[in-house]
Amino acid sequence: MRIEGVELRRISLPLRTPFRTSFATETDRDVLLVRVVADTAEGWGECVALAEPLYSPEYADGAADVLRRFLVPALPRTADAHAAERAMAPFKGHKMAKAALETAVLDAELRTAGLSLAACLGASATRVPCGVSVGIAGSVPELLDRVAAHLDAGYTRVKLKIEPGWDVEPVRAVRERFGPDLPLQVDANAAYTLADAPLLARLDAFGLLLIEQPLAADDLVQHAALARVLRTPLCLDESVESAAHAAAAISLGACSVVNVKPGRVGGYLEARRVHDVCRAHGVAVWCGGMLETGVGRAANLALAALPGFTLPGDTAPPSQYFDEDVTPPFLLEDGHLTVPTGPGIGVAPLPDRLDEATAETEWLPL
Ligand code: OSB
Ligand code: MG
């Protein structure tokens with residue numbers, strides 16, 4: 001496949017309701033889409049970096065800069081996704097920028113071959129159960145209303161964002177209102193320290209599926225110490241940027257579950273390796289989300305269909321977050337989404353919707 005050039009496209013989608021985490025309150029999703037134009041097909045990738053470097057060091061403008069300055073110029077003119085991955089490897093970090101470009105190349109390659117991403121990755125499931133991530137609310141009654149609406153919509157598990165001051169009480173309230181059978185988990189986005197272990201141990205009373213990333217991204221040793229005092233399974237998100245990190249975390253005893261986000265680990269090829277390492281060790285994985293548009297969500301569904309993804313992911317349809325997405329809508333049926341079967345990621349942006357949402361485009365010839 002001969003690559004002619006790469007388009008960087010910045011789009012902005014207002015969120016239906018602000019999404020509050022321990023690190024930010026998102027009101028708009030400022031997304032960088034990457035389109036690879038090859039002789040045989042076009043391919044799309046979504047960069048999941050947020051507008052500000054608050055979840056991880058990457059941010060959308062920085063991702064655009066490293067793509068323009070280093071990653072796109074490093075692409076060989078004749079490339080597939082593996083060649084793109086190798087060409088970008090010398091540049092340190094910038095996993096989300098790399099993932100977007102690699103995914104766009106992979107999408108074009110698979111469209112050329114007429115193969116779906118799910119088939120390429122070795123996925124088995126045709127539909128995947130869908131969890132929902134619930135931001136920090138203004139009050140407990142407001143949180144209970146939101147969770148009730150999500151359960152009415154059919155979601156199969158609920159994840160509550162927590163932070164110091166919004167942890168034991170909201171979890172207790174959700175458990176009391178919705179009962180012991182609700183699959184429930186929490187995500188702290190690194191908001192605690194090991195000194196909070198006694199507080200976090202109070203969550204053990206609520207039968208959570210897991211606690212996600214309680215401590216800082218580079219606190220692997222501290223996560224291992226915390227895991228030894230919690231009964232709740234410990235899951236890592238921010239700490240795992242590669243299959244090698246997953247292997248290190250597992251051998252340290254720092255986690256018994258891993259949230260796999262393709263953007264965070266540099267793409268779907270590495271996400272597959274994270275899955276493989278975890279599966280070989282009996283460590284459960286699930287597919288995380290970054291408030292993606294349909295472009296990113298479609299690809300995540302293919303990943304979530306791999307056999308090691310034994311827990312519901314943050315794979316809510318984009319309509320959960322946006323009134324209008326850039327792709328055709330995804331339908332939540334009985335709490336599940338169908339894994340796309342079309343070539344590549346299986347969806348493409350609708351030209352009119354894309355133009356409406358676009359703030360800026362830039363063409364980088366190869
Ligand atoms: O930590 O999982 C996270 C969104 C933005 C940044 C980080 C996270 C999240 C989510 C999103 O929880 C969930 C989703 O995309 O559905
Ligand atoms: Mg998380």
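Whatever order the structure lists them in is the order used to number ligands and atoms, beginning at 1. Hydrogens, waters and symmetry mates are skipped; everything else that's a heavy atom, side chains included, is used.
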Taking 2.8 Å as the strict upper bound, the Mg ion (ligand 2) has protein N, O or S neighbours numbering 3
Output yes when R111 and E42 qualify as a salt bridge under the 4.0 Å nitrogen-oxygen rule, no when they do not.
no
Minimal heavy-atom distance between K95 and S242, with the atoms involved, is NZ-CB, 4.1 Å
Of all residues at least two apart in sequence or in a different chain, which pass the side-chain contact (heavy atoms from CB on, under 4.5 Å) check with T361?
E7, R9, T358
Verify salt bridge (Lys or Arg N to Asp or Glu O under 4.0 Å) between D314 and R297, making sure each step is shown before the conclusion.
CA-CA 10 Å; D314 283 341; R297 261 351 198 203; over 6 Å; no
Do P262 and E270 have side-chain heavy atoms sitting under 4.5 Å apart?
no
Checking L144, V158, L184 against F178 for side chain to side chain contact (heavy atoms under 4.5 Å, CB included), the one that qualifies is L144
For ligand 1, list all ligand N or O to protein N or O distances below 3.5 Å, rounded to 0.1 Å.
| from | atom 1 | to | atom 2 | distance (Å) |
| --- | --- | --- | --- | --- |
| ligand 1 | 1 (O) | K161 | NZ | 3.0 |
| ligand 1 | 1 (O) | D187 | OD2 | 3.0 |
| ligand 1 | 1 (O) | N189 | ND2 | 2.8 |
| ligand 1 | 1 (O) | D237 | OD2 | 3.1 |
| ligand 1 | 1 (O) | K261 | NZ | 3.3 |
| ligand 1 | 2 (O) | K159 | NZ | 3.0 |
| ligand 1 | 2 (O) | D187 | OD2 | 3.4 |
| ligand 1 | 2 (O) | K261 | NZ | 3.0 |
| ligand 1 | 12 (O) | S133 | OG | 3.0 |
| ligand 1 | 12 (O) | K159 | NZ | 3.3 |
| ligand 1 | 12 (O) | K161 | NZ | 3.1 |
| ligand 1 | 15 (O) | M290 | N | 3.3 |
| ligand 1 | 15 (O) | L291 | N | 2.9 |
| ligand 1 | 15 (O) | R297 | NH1 | 2.9 |
| ligand 1 | 15 (O) | R297 | NH2 | 3.3 |
| ligand 1 | 16 (O) | R297 | NH2 | 2.7 |
| ligand 1 | 16 (O) | Y321 | OH | 2.7 |

Pairs meeting criterion side chain to side chain donor-acceptor pair (under 3.5 Å) with involvement of residues 192-210, two or more places apart
D167-Y192, D204-T232
Would you say the side-chain atoms of N300 and Y268 include a donor-acceptor pair closer than 3.5 Å?
yes
Distance-only polar pair, side chains of S56 and E238, donor-acceptor under 3.5 Å
no
